[in-house]
Amino acid sequence: MPELNWQKSSFSGGPEGNCLFIATTPDGTIRLRESDEPHTVITTAPQGLTALLRHIKSRHINSSPSS
């Protein structure tokens, strides 16, 4: 397998130094890993990641206090 080009999330790098990295394989599969566990990699299809992010965003919006 070719070397993956890992990119750090723009939301990473807080005071704790924990970072989320993402890479795409030649077949389009997405890989995710954290800086504190670089050997643990989660693999998903783009549709799976999209569904997860939409779910997280919708829960965040629905749990926000009303103005």
Side-chain angles (χ1 to χ4, degrees):
M1 176 191 272
E3 184 70 28
L4 296 176
N5 181 22
W6 292 98
Q7 297 179 344
K8 184 169 72 168
S9 167
S10 59
F11 290 98
S12 296
E16 299 84 26
N18 297 328
C19 299
L20 177 68
F21 290 86
I22 186 168
T24 304
T25 63
D27 69 357
T29 302
I30 295 175
R31 308 269 172 108
L32 301 164
R33 71 178 187 191
E34 291 184 292
S35 58
D36 59 345
E37 291 286 335
H39 292 81
T40 302
V41 178
I42 298 172
T43 302
T44 186
Q47 299 85 355
L49 181 59
T50 299
L52 174 64
L53 294 174
R54 283 186 181 148
H55 177 74
I56 292 169
K57 287 179 181 180
S58 72
R59 291 187 53 88
H60 177 69
I61 289 170
N62 292 334
S63 66
S64 296
S66 299
S67 303

Among residues at least two apart in sequence or on other chains, which ones pass side-chain contact (heavy atoms from CB on, under 4.5 Å) with [X]?
X   : result
T29 : T25, D27, R31, T43
N5  : Q7
A45 : Q47

Say you draw a straight line from CZ of R59 to NZ of K57; how long is it, rounded to the nearest 0.5 Å?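 One finds 16.0 Å between CZ of R59 and NZ of K57.
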CD1-CD1 distance between I30 and I22, expressed to the nearest 0.5 angstrom: 5.0 Å
Over all heavy atoms of both residues, which pair between [X] and [Y] is shortest? Give the atoms and the distance, please.
X   : Y   : value
W6  : V41 : CH2-CG1, 4.0 Å
L4  : T24 : CD2-O, 4.0 Å
R33 : P38 : CD-O, 3.6 Å

Working for side-chain contact (heavy atoms from CB on, under 4.5 Å), residues T44 and L52: CA-CA 10 Å; T44 186; L52 174 64; over 6 Å; no
Atom CG of L49 with >12 non-hydrogen neighbours under 6.0 angstrom: yes
